[in-house]
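Here's the structure, in structure tokens; my notes come after.
Heavy atoms only: backbone and side chains are in, while hydrogens, waters and symmetry mates are out. Labels below follow one simple rule: chain letters A, B, ... track the order of the sequence lines, proteins then strands, and each chain is numbered from 1.
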Amino acid sequence: MTPVIPHALEPLSRADPELAARVTERMARNAWAPDPALLDRLASETIWALGVEISFGQAVAGGLAELIGAVAPECLDLFCRHVREAAHAGSTQGRIMAESLPAVLQCNDANVLDGFLEAWHAMAQKGNHTLGEPLQALGRLLAAGDRPGAAVFLGLLRDTFTRDLTYEEGRCLSRALPRAALGLTVERRAWQLSELSRVIRTDHRLAEPFLTGLDKGLALLSETALKDFASGALARYRRNPGLGTRHLALESRAGQEHCASLQVSVGFAQVRDRLQRYLQARTGLALTLRPLPGGAAVPGALVCSDGHAIYLPAEIGRFARRQDNLALYTLLVRLEASFHEFGTVDFDLDKALERCRPYMGGTTPPDGEAGDLGRFLGMFPDQPLAADLFTVFELGRIRQCLARHYPGLVRRHYPLLRREALADSRPASGFLTWLFLRLALGLPEEECPGAGGAEAAALAAITAAFSTAFAAGSPVEASAELTARFFDTARLSCRMGDVRREPTAGPYWPTPFGWRPWPNPATSGGLPFGPQAHAIRAALAQKGLKAYTADIRRRLAANAGGLSAQDVRELCGAADLAGVGLEELLGSNGRSSPASPDESPGTDPVFWYPEWDEALGDYLPQHVRVRERPVAADGAGFYADVLRRHHALVAQTRRAFERLRPESLKRLGQWVDGDEFDTRKLIDLAVDRKTGEVPSERIYTKRVKDRREVAALLLVDISRSTANSVPGAGAAVLEIEKEAIVILCEALAALGDGFAVAGFSGAGRLGADYFRIKGFEEPLSDEVKGRIGAVQPQRNTRMGAAIRHAGRELEETAARVRLLMVLSDGFPNDADYRRHYAVADTRKAVLEMSARHIRFHALTVNLPADPRLDELYGKARHHVISEVTELPGRMLRVYSALTR
Amino acid sequence: MMTSSDLGGLRILDEPYYLETGGEAVVFEAACHARLSVMLKGPTGCGKTRFVEHMAWRLKRPLITVACHEDLFASDLVGRYLLKDDETVWMDGPLTQAVRSGAICYLDEIVEARKDTTVVIHPLTDNRRRLSIDKTGECIPAHPDFMMVISYNPGYQSILKDLKPSTRQRFVSLEFDYPARDQEAEIVAHEGRLDTESALKLVRLAEKIRNIREQGLTEGASTRLLIHAARLLAKGVPERQALRTAICLPLTDDERLLETLDDLIEDVF
């Protein structure tokens, strides 16, 4: 429906009806009617701006519409004045000013406004290209309510763009600074940006190294520690710029050690690998570790889990010492893993109701999707109290299980839990507090703050019941039984004055670090195969068969989603299932088959591979689509030309590699047994016998087969960057790489090793291409030679998937030694596959090769030595060949060394 | 030629301890009486060799064991001519000895041997039950009590080191794995001369380690490693030192995996 345009906006409507309609709709959202004089102003300013440029006019209209009614009229004057001033330098600046100034004015903070104008002035002088991203970032900071951060950010922009920057520097910084600012946490943003500002004031070229350092670990330093670090680094810089820069970027050992010595907080990324391995070993389950989402899944909880992952804080800086923060991460994983190992997550409502019937009579659980435990707790009139009581008993059961199976864990880590509980600011005495300390944490009675006299009898009864309730292997439903049994007692005691919770706190009694079974996503019904298990249980019940949902779910999980007749028999305890109609009942609970290549007839084969997501700590399954593409040969001209130009090297290489070829049979002398006598040793034997010496028994020779079973696959990066010229060589990087491939092919043909050659490039995760240049089974024919010559640079470098696909090809060879050599000119880089993410995935792919007994080695050309290559490939798994022209010779030397 | 006194030296007189876990002794005994050959498959250190020794004792047969390796030739099994005093004499190899004398011949880790060596056993493991010795021109029928037993670890071998189907299908196969927790604890307690509670802790630790087999440990912690650790503990070696030297360091050199093993030890002990 077309809005009714106010009279004051009619001039605007004549100039741009759509814009007038939009403004009218925007005004209508306000709770007040706008002053016609202000609308009149809006119209006139907008019409003027439209006359300069349409998008400028639209921005002016949008800005004024936002401000009218939200700020004082003087602010509108400010807006109009600054917009007109900016427009003197062109409509683009005018537009950007109109888009960014409203948020600043709405702050109603003179400091922010002054900062904005100073930053604007500095950036505008550098050019329009510096304005866009930084001011958008400013708007986001202000919209998020981070005014201090925004103020510091404006100061940073001013400090940066008042410096003498080249166009390129200005362009890069106008991208890097806003991204950095938005990536920082709100608690730390202001002082971290302040340090960045200080660094830039020393030298703006230090901005990127400092941002790199923040990524690598400086972000975890406290404010004082970061200041200390930056001061030290800048002092180094003044003495030696190169050293200082590396120190700041944490690329030097001194920098890393300096940072480590100052670091008190521990980041999730620093501990994840070790804790992940522990988690897998401890539980044997497919659980990963992930950082807690921005809004914590469970308020106040430092740890929780679901069916797929255990969630931990992105950073822990709670304690003054680093080792204590590390110990907390360790504790949290061990505690939460216990819910999965000892069955808390397998809470079954049917089992619980059977146990609780004597105490709960005919109460029925509410319907809903809260999971079995949620529905059980919903049966109580005071659900939070029931949850708290259940928490006490269940954590007590867990403690007993841990004491039985992991006494070292309890001995080392429970003191921290107890300290946290005792240091709490809650009232010292209380019914639940006493129970928690005594039962859940196992504190001796004399160390538990005394509960009131009237409660003592109740506490004694509960303690006695607890000590007999949990035999070895007691299930989680035993905790439910105790909850039902003592709920009324607890309710009575709490009503008698137990100050259980602060009014402003959440509904639940706060446990140390928020570790508790409820609320917790793990017990809220989100486990793998949960819905299927419920459906099967209901279907069995309809047939008169009884099985528990939790048992069915566990069996489904163990069988990867499948359930056989035998499984059902065991679950139901029924020997005879005749007439039950299991096929129909079980439906399609077939096991999922592993991903296989799909081959659409008439198109190139396509393969799907997972990709490692470092932030998630897990694979993204079936994420990258690799297409095997043929390479059309272009005649063997290139190949022949290389042989001609490098004939000396080729001849030398052939001779050298022929010498590496093993003789078919090796003759070993002086053996204790064999096929023939060693004549010399026979003579020695005769002489020894004559002289009365004991003759040696090593008088035989034998022949053994000497085999060399090597299969090598050379995987070549043919991304766009390989089209770059090599200074002084008069050729592109890929041309020189192709020359090296030719010479290597000649060498391997002389040696007799099986080898294959492939190229890779791609664009995006659905467009990874794998070019099969020579397969293992193919001879070095003219066709293959023509393909080598025909390879052209194209697109990007999604290295992880290429490595995985090459590994697949190598696994199919029957060689004793399998070698994958990657030839590249830089780091992996593709759409949404950059920097740390790409490095982590590539590194993971390299580790997968090791696990599959495929040796890996990388040659990086046309790049100076970079310590990040160690991170990418592993220290001993790569060579850097900065001078590309040396590649042919060096590659041969590397190959022969690897396969000796 | 083996004499009865030589045979006596190969007979096992004291019962080797073995805890049966799944009826394997019955199957072995039946195969023996039916003159069938037996193949034992299982991870390293799970009791295959001990089982053979136990069955040899139980069946009162001499046991001749050959540890197979890459340089094992047919002549190493069958025999060769040697110079003795002034004469060239034929010396039976271990396989020939077993065939003639009616012993159990146990080829341990058969996949390590060369395939042209392995094929020597084919005539002995089908209905022919004969051994041909080209160098002496003999064709020896196997003693009625002769039995061929082979073992191998299917887990970590490469595709090159696999038994040919023509070899595999000459054997009755018994699959071995690490025993169930209580049984393994009993074995560790007995062989390691350690109390049951401590043995159970060792087994629990091994279970956790076996969960991360595919993370770089080629094999998990075997029962044998647990027994080594138990013996060190029984001799009073401090816990962490015993576990590190007997379990962690033999399993891996990878620092990160050693870190994880340390974490597990800290929790379990």
Quick one: are B:Val203 and B:Glu207 in side-chain contact, heavy atoms under 4.5 Å?
-> yes
Of the backbone (N, CA, C, O) and the side chain (C-beta and beyond), which part of A:Arg404 lies under 4.5 Å from a heavy atom of chain B, both, or neither?
-> backbone
Measuring heavy-atom distances to chain B, does A:Thr330 have an atom under 4.5 Å in its side chain, in its backbone, in both, or in neither?
-> neither
Residue A:Glu341 versus chain B: region with a heavy atom under 4.5 Å = side chain
Exercise answer: donor-acceptor pairs, residues 238-250 of chain B side-chain atoms, under 3.5 Å, sequence neighbours excluded:
unit_1: B:Arg244; atom_1: NH1; unit_2: B:Asp262; atom_2: OD2; d: 3.4
unit_1: B:Thr245; atom_1: OG1; unit_2: B:Gln241; atom_2: O; d: 2.8
unit_1: B:Thr245; atom_1: OG1; unit_2: B:Ala242; atom_2: O; d: 3.3

Any chance you could lay out the side chain to side chain donor-acceptor pair (under 3.5 Å) test for A:His405 and B:Arg204, step after step, and finish with the verdict?
-> CA-CA 8 Å; A:His405 294 278; B:Arg204 225 174 265 140; 3.3 Å; yes
Max heavy-atom pair count under 4.5 Å with chain A, selected residue of B:Leu200, B:Leu205, B:Asp267, B:Val268 | B:Asp267
Going by the angle between their ring planes, with limits at 30° and 60°, are A:Trp612 and A:Tyr619 parallel, tilted or perpendicular?
-> perpendicular
